[in-house]
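Keep in mind the model is a prediction, meaning the values are calculated, not measured.
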Amino acid sequence: QVQLVESGGGLVQAGGSLRLSCVYSTSRDSIVTMGWYRQAPGKQRELVAIITSGGSTNYADSVKGRFTISRDNAKNTMYLQMGSLKPEDTANYYCNAKVVVWPSTRDYWGQGTQVTVSS
């Protein structure tokens with residue numbers, strides 16, 4: 001069982017920066033991958049960035065070079081540092097955690113935090 005709470009969303013001008021946080025709690029230390037997803041109205045939820053327990057990261061092409069995902073296990077917090085924001089980054093951003101439940105995985109989601117980038 002994993003609880004995820006996002007924060008840090010808001011309104012920002014194009015070209016600006018914003019940092020999202022995701023505080024997580026779990027009764028089992030089996031989270032192997034965490035990530036950020038986003039969903040805009042009328043569009044499907046898409047992967048923004050992921051980070052593994054080993055520290056490996058991957059980013060969607062649309063955010064590569066502008067966003068940085070990180071994780072602080074001591075604080076049970078994952079971050080998404082967003083820079084050079086564009087209007088097309090406007091979406092509801094969700095924190096995700098994948099837990100191994102052999103032979104598959106289970107996904108947990110936060111409630112989402114809205115990011116709006118003005119032109």
Walk me through whether Val115 and Leu20 qualify under side-chain contact (heavy atoms from CB on, under 4.5 Å). CA-CA 9 Å; Val115 172; Leu20 306 183; 4.0 Å; yes
For residues [X] and [Y], report the shortest heavy-atom separation together with the two atoms involved.
{"X": "Gly10", "Y": "Leu18", "result": "N-CD2, 3.9 Å"}
{"X": "Ile69", "Y": "Tyr59", "result": "N-OH, 2.9 Å"}
{"X": "Val2", "Y": "Ala97", "result": "CG1-CB, 4.4 Å"}
{"X": "Val5", "Y": "Gln111", "result": "CA-OE1, 3.6 Å"}

Check whether more than 12 heavy atoms from other residues, nucleotides or ligands sit under 6.0 Å from atom CD of Glu88, and answer yes or no.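 Buried by this count: over 12 neighbours within 6.0 Å.
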side-chain contact (heavy atoms from CB on, under 4.5 Å) between Val23 and Gln3: does it pass, once the steps are laid out? CA-CA 8 Å; Val23 178; Gln3 298 280 94; over 6 Å; no
For residues 40-54, which side-chain N or O atoms pair as donor and acceptor with protein atoms under 3.5 Å away, sequence neighbours left out?
residue	atom	partner	partner atom	Å
Glu46	OE2	Arg38	NE	2.8
Glu46	OE2	Arg38	NH2	3.4
Thr52	OG1	Gly54	N	3.3
Thr52	OG1	Gly55	N	3.4
Thr52	OG1	Ser56	N	3.2

Looking at Cys95, is its backbone amide N or carbonyl O close enough to the side chain of Glu6 to form a donor-acceptor pair, meaning the two atoms are under 3.5 Å apart?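 Looks like yes, one N/O pair under 3.5 Å.
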Gap separating the OH atom of Tyr108 from the CD atom of Gln1, nearest 0.5 angstrom: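 Going from the OH atom of Tyr108 to the CD atom of Gln1 covers 6.5 Å.
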Could you give the distance from OG (Ser17) to CZ (Phe67), rounded to the nearest 0.5 Å?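 So the OG of Ser17 and the CZ of Phe67 are separated by 9.5 Å.
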Pairs under 3.5 angstrom only: tabulate donor-acceptor contacts from the side chains of residues 73-87 to other protein residues two or more places apart or in another chain.
residue	atom	partner	partner atom	Å
Asn73	OD1	Tyr24	OH	3.1
Asn73	OD1	Arg71	NE	2.9
Thr77	OG1	Lys75	O	2.8

Ring pair (Phe, Tyr, Trp, His ring centres under 6.0 Å) partners for Tyr37, two or more places apart: Trp109
Regarding Tyr94 and Asn96, do their side chains bring together a donor and an acceptor under 3.5 Å, going by distance alone? no
